[in-house]
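Each chain gets a letter, A, B and so on, in the order the sequences are listed, and its residues count up from 1. The structure displayed is predicted, hence computed values, not measured ones.
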Amino acid sequence: MSLLNPPFSKMATPSKDYDFSSIEPKWQGYWASNKTYEAKDFVDQPTFYVLDMFPYPSGAGLHIGHPEGYTASDALKRFKKAQGFNVLHPMGWDAFGLPTEQYAIKTGTHPAITTKQNVANFTKQLTELGFAYDWNREVNTTDPGYFKWTQWIFMQLFKKGLAYVDEKPVWFCPDLGTVLANEEVLNTPEGPRSERGSFPVERRPIRQWVLRITEYAERLIAGLKDLDWPDSTKRLQENWIGRSEGGEITFDVSGHDAQLTVFTTRPDTLYGATYMVIAPEHPLVESITTEENKAAVTAYQEKAKSKSDLERAELAKEKTGVWTGATAINPVNGKAIPIWVADYVLMTYGTGAIMAVPAHDTRDFEFAKEFNLEITQVIDDNDSASKETSGALMEPYTGPGLLINSGEQSGKDSESAKNAIIDQLAADGRGKATVNFKLRDWLFSRQRYWGEPFPIVWVSKEDYDKADDSLKSVERPVSCEIEGQLRFALALPEAELPLELPVVESYTPSPDGQSPLSKAGEWLHVYVDPQTGATSTETRDGWLTGIRETNTMPQWAGSCWYYLRYVDPKNTEALIDPEKENYWGTPDLYIGGAEHAVLHLLYARFWHHVLYDLGVVSDPEPFKKLFHQGIILGEDGEKMSKSRGNVVNPETIIADYGADALRLYLMFLGPLEAMKPWNTKGIEGIARFLRKVWRLIVDPDGNVSANIGDGQLDAETERVLHATIKKVTEDYTELGFNTAISQMMICINQLSKAEALPKTTVESFLQLLAPLAPHQAEELWERLGNSGSIVEAGWPKHDESKLVKDTVKIIFQVNGKYRGDTELPADVTKDDAIAAAKTNERVQSFIDGKTIKKEIYVPGKIVNIVAV
RNA sequence: GCCCGGGUGGUGGAAUGGUAGACACUGGGGACUUAAAAUCCCUUGGCCGCAAGGCCGUGCGGGUUCAAGUCCCGCCCCGGGUACCA
């Protein structure tokens, strides 16, 4: 055999049988040149938009995880197209990103060049898997024609007052001279270290852009309600946003003209507040700490600063803290209570200060025990909490109950006391009901080269006043200190977009953590027309002196809205044409990994809500229906990774078995949403199935099999065929590919037994197979004498009447146990079925001499006789 | 700790409250072949039995039901997410 046999090939397929290595490229070329899967705007057909999470085109190429979700969407696309939908199934590249930039730092290769090569490689690999995307709609986040609109969206956020600048602590590694993302920092016994090189890292406050996602928190929670998403993902987002209702209460600090405001969800426990805690970073620490306590407090603050969040959490078991020496006055009972500093209180949540109620809060209880602080019970536990003989609590009681030791509030139940106490405080302006969110504003800048530049120019206060309002965030001007000078942010005019990245000599951030763009002198310094915002490198009369923003946007930016751009990818006038937006709507289905359950999906929803407010899109929610494909594990059941050496490479599988086999096998492994181990041996069964299909239609000489013609199908085979059409259609609709494939296996086993096969029968079968094994299906479709793509032939329909059997198998049970069965007419009556059961010998032997208590007949299925 | 998933043969998995193990993989036996590949047939949850057949069996313990892998209650184990959110 001519193809025998590359040394590493497991291929066992003679070319005569099914030569996928030539058939597959043939059809890939056919779909491309015939634009079989081109999505046409405004065609009078129902539309279906299926969206994949687009990949980051890494140098490593595709791994087996990519084809899993992509096979599902490709199959669904082909299925929907055959059913007569105008299908939009595009692909693109989330191409800004760290690895490309690091490669640039190492080799000096411009990231755009690397990106281009990687995209070419990914495109080739995706094509070889038979994914027929509408490449006319390809988008690339690094393409200026694309990021022009990413920048445009940012500009709208800026003008709406949803963007601001703040000094936020970020991880910085002096040895690497770079800012690191949280996930690039490891927690080691020696303290936080860089993942690469294991150098010490520290938190440094660096100027950052921040987006006010928290202003949309309420809407982002409310919007979840009507989404067809996995419940677990919805809950994850809900918890992430973390809405909690409570109140703010203001305490006076004794001996100071200062107040301490805390957030609490339990205002009902206010009488039990026996001390207060403020975060080490709290601004009041310096002013209220007494002389005697200064040294200890400062030392504690220093220690807290060097701890990572992770350490702070891990060391949580043992509570630490120091007293400031100051006290506060509990507004309801006038009691003076000590103010402590402790890192179990986070500056980033609420007000950075709490009232501690040790009797009714686990953390406060632990802390009070550690430092011997007073514990006053104010909610009656109804004797449910364990106590010492003295009556003191041995554990905090966090449940509801009646108030005790609470002055005039005593006797109220805790639920109604929450409002009552807040109302009481509100009367003197010491409290109000508030809602707090765990969600924090979105840190939206990176000190990197390979990202979208911000369309922002910084100018002095005087110049800012001269500039036209259309360039400003009018309601909330954005300002900050740059190089010791107070500066204000102006947006570029739309005509200046896209603002492209300058050519730089080095992609490494500067030693102080500034972006590489800060060294691009010519690009950096500009003059600005105060009226239009136009920029120039040369000054003109009355123009303002500005410097550009040197941070770049994070990778999330480009992926926040790409699904909109697919609808109108080449539009230079607008982000999206409203008529096209209206025609296609938002994706009917979004398939992607659960690892993006929170961040990507939340950020994209936020932007979409903003675009909705701006009138750019007609619906506030972008992803109505979401599906998470599972993860393919290595053969050892562990996560695939190079270090474990259990990585399965799709290219090798295609070389050995073909893309159709890989696609089918990926879907056959188990439910799409499940986490499942790869098993290379298992693919044999799929390869066998495909060969069987081939042999059913093509004889050993390569001609159409002699038994295919216009013969008559026997009744049982016909029943199986129609059952298969029905099941496969239902399963595809719900992405139940594994069971659809089983059913097709059952069908092919039945068909291979049939003596005569009408051509239409095998054609129907091929139509069912085509979404998953498109190459082979097209090839056989053609060999059967058809022209055009199989997808154009529509989708087979089952005939319910062919499914009806004349007889049904009735199971006989005695006391719920199987004791026999028989074929009976499908319309058998209850009495006849029971009578038949009683004549069965085995049934008789189990009911003989017993009293029949009950007889149950489940029509068409079961007779159960209860006898004792 | 909290929040999600999930525990079914040697393996991946299937099963609107109605014969548990479909469909595959692996293993065993056989046919074809000089041989191999490919293909086809039989067999493949455990125990007992020559057989007919019987008993047990879906993580564990209870419960509801004529009937429970499926529903309810209480646990155990595994995987993922999250981390003092006041």
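- Glycosidic conformation of B:rG30 is anti; the angle lies outside 90° of 0.
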Self-check item: Working for salt bridge (Lys or Arg N to Asp or Glu O under 4.0 Å), residues A:Glu716 and A:Arg719
Solution: CA-CA 5 Å; A:Glu716 178 56 13; A:Arg719 201 192 60 76; 3.3 Å; yes
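- In this structure, A:Lys817 reaches the B:rC56 phosphate: one of its side-chain N or O atoms is under 4.0 Å from OP1 or OP2.
- No cation-pi contact links A:Lys830 to A:Tyr857, judged by a cut-off of 6.0 Å to the six-membered ring centre and 45° from its axis.
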Find every protein N or O atom lying less than 3.5 Å from an N or O atom of nucleotides 63-70 of chain B, and list the pairs.
residue: B:rC66; atom: OP1; partner: A:Lys854; partner atom: NZ; Å: 3.0
residue: B:rC66; atom: O2'; partner: A:Asn864; partner atom: ND2; Å: 3.3
residue: B:rC66; atom: O2; partner: A:Asn864; partner atom: ND2; Å: 2.6

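- Below the 3.5 angstrom threshold, one finds a donor paired with an acceptor across the side chain of A:Lys861 and the base of B:rU16.
- The CD-C1' distance, from A:Glu238 to B:rC4, rounds to 13 Å in whole Å.
- The separation of B:rG74 from B:rA52, taken at their C1' atoms, amounts to 43 Å, rounded to a whole angstrom.
- Taking atom P in both B:rG9 and B:rG59, one finds a spacing of 8 Å when rounded to whole Å.
- In this structure A:Trp678 satisfies the ring-ring contact (aromatic ring centres under 6.0 Å, His included) test together with A:Tyr665, sequence neighbours excluded.
- Across all strands shown, the partner of B:rC60 is B:rG74, judged by Watson-Crick or G-U wobble contacts whose two distances both fall under 3.5 Å.
- The aromatic rings of A:Tyr344 and A:Phe367 lie tilted to each other, with the angle between the two planes from 30° to 60°.
- The residue A:Asn749 sits close only to the backbone: its heavy atoms come under 4.0 Å of sugar-phosphate atoms, none of a base.
- Nucleotides B:rU8 and B:rG13 place their P atoms 9 Å apart, quoted to the nearest Å.
- The same atom, P, is picked in B:rG53 and in B:rU39; the two are 35 Å apart, to the nearest Å.
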Exercise. Starting at the 5' end of nucleotides 47-54 of chain B, put B wherever the base has a protein heavy atom under 4.0 Å, S where only the sugar-phosphate does, and a dash everywhere else.
Key: -------S
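- Between A:Ser244 and B:rA86, a side-chain N or O to OP1/OP2 separation shorter than 4.0 Å is present.
- What separates CG of A:Leu601 from C1' of B:rG81 is a distance of 15 Å, to the nearest Å.
- Atom CD1 of A:Ile741 and atom C1' of B:rA22 are 14 Å apart (whole Å).
- Between the side chains of A:Asp821 and A:Tyr818, at least one donor N or O lies within less than 3.5 Å of an accepting N or O.
- Every pair passing side-chain hydrogen bond (donor to acceptor under 3.5 Å, both in side chains) that includes a residue from residues 733-742 of chain A is listed here, sequence neighbours excluded: A:Asp731-A:Thr739.
- At B:rC4, one or more side-chain N or O atoms of A:Arg235 fall inside 4.0 Å of OP1 or OP2 (strictly under the cut-off).
- When ring centroids are compared, A:Phe668 and A:Phe737 stay outside the 6.0 Å threshold.
- Of the candidates B:rU82, B:rA86, B:rU39, the closest approach to any side-chain atom of A:Arg691 belongs to B:rU39.
- Side-chain proximity of A:Tyr344 to the nucleotides B:rC40, B:rC84, B:rU82 is greatest for B:rC84.
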Between protein and nucleic acid, restricted to nucleotides 12-15 of chain B and to nitrogen or oxygen atoms under 3.5 Å apart, what atom pairs and distances do you find?
residue: B:rG12; atom: O2'; partner: A:Leu669; partner atom: O; Å: 2.6
residue: B:rA14; atom: OP1; partner: A:Asn738; partner atom: ND2; Å: 3.0

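- Contact of the A:Asn646 side chain with the A:Glu635 side chain is not registered, since no non-hydrogen atoms from C-beta on lie closer than 4.5 Å.
- In a base pair of the Watson-Crick type (N1 to N3 plus N6-O4 or O6-N4) or a G-U wobble (N1-O2 and O6-N3), with each distance short of 3.5 Å, B:rG18 is matched with B:rC66.
- Ring geometry for A:Tyr349 versus A:Phe263: interplanar angle over 60°, hence perpendicular rather than tilted (30 to 60°).
- Annotation: B:rU33 and B:rA38 have their C1' atoms spaced 11 Å apart (nearest Å).
- To the nearest angstrom, P of B:rG80 lies 17 Å from CD1 of A:Ile632.
- Comparing the same atom, P, in B:rG30 and in B:rA67 gives a spacing of 47 Å after rounding to whole Å.
- Within the nucleic acid shown, A:Ile811 comes within 4.0 Å of at least one base atom, counting heavy atoms only.
- The CD1 atom of A:Ile748 sits 11 Å away from the P atom of B:rC40 (whole-angstrom rounding).
- Shown here, B:rC40 forms a base pair with B:rG30; the pair counts as Watson-Crick or G-U wobble because both key distances fall under 3.5 Å.
- Set against B:rU19, B:rU39, B:rC40, the side chain of A:Lys692 has B:rC40 as its closest nucleotide.
- When ring centroids are compared, A:Phe371 and A:Trp340 come within the 6.0 Å threshold.
- For the pair A:Arg819 and A:Phe846, the cation-pi test (distance below 6.0 Å, angle within 45°) is passed.
- Place A:Asp231 and A:Leu236 on RNA chain B by their nearest nucleotides, and A:Asp231 ends up nearer the 5' end.
- A heavy-atom distance below 4.5 Å is not found between the side chains of A:Ile856 and A:Ile862.
- When Watson-Crick and G-U wobble pairs are counted only if both distances are under 3.5 Å, B:rG79 pairs with B:rC4.
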Exercise. Check the pair A:Gln237 / A:Trp229 against side chain to side chain contact (heavy atoms under 4.5 Å, CB included), numbers first and verdict last.
Key: CA-CA 11 Å; A:Gln237 286 217 352; A:Trp229 285 19; 3.7 Å; yes
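- Listed by first then second residue, pairs satisfying salt bridge (charged side-chain N to carboxylate O under 4.0 Å, His left out) with a partner in residues 663-681 of chain A read A:Glu68-A:Lys676, A:Asp74-A:Arg663, not counting sequence neighbours.
- Residue A:Arg688 has no polar side-chain atom (N or O) positioned under 4.0 Å from OP1 or OP2 of B:rA24.
- Taking atom P on both B:rU16 and B:rC71, the two are 11 Å apart, rounded to the nearest angstrom.
- Nucleic acid contact class of A:Ser742 (heavy atoms, under 4.0 Å, all strands): base.
- The same atom, P, is picked in B:rC84 and in B:rC78; the two are 24 Å apart, to the nearest Å.
- Nearest-nucleotide positions on RNA chain B place A:Lys809 closer to the 5' end than the other of A:Ala353 and A:Lys809.
- In this structure B:rC55 sits in a base pair with B:rG46, meeting the Watson-Crick or G-U test at under 3.5 Å.
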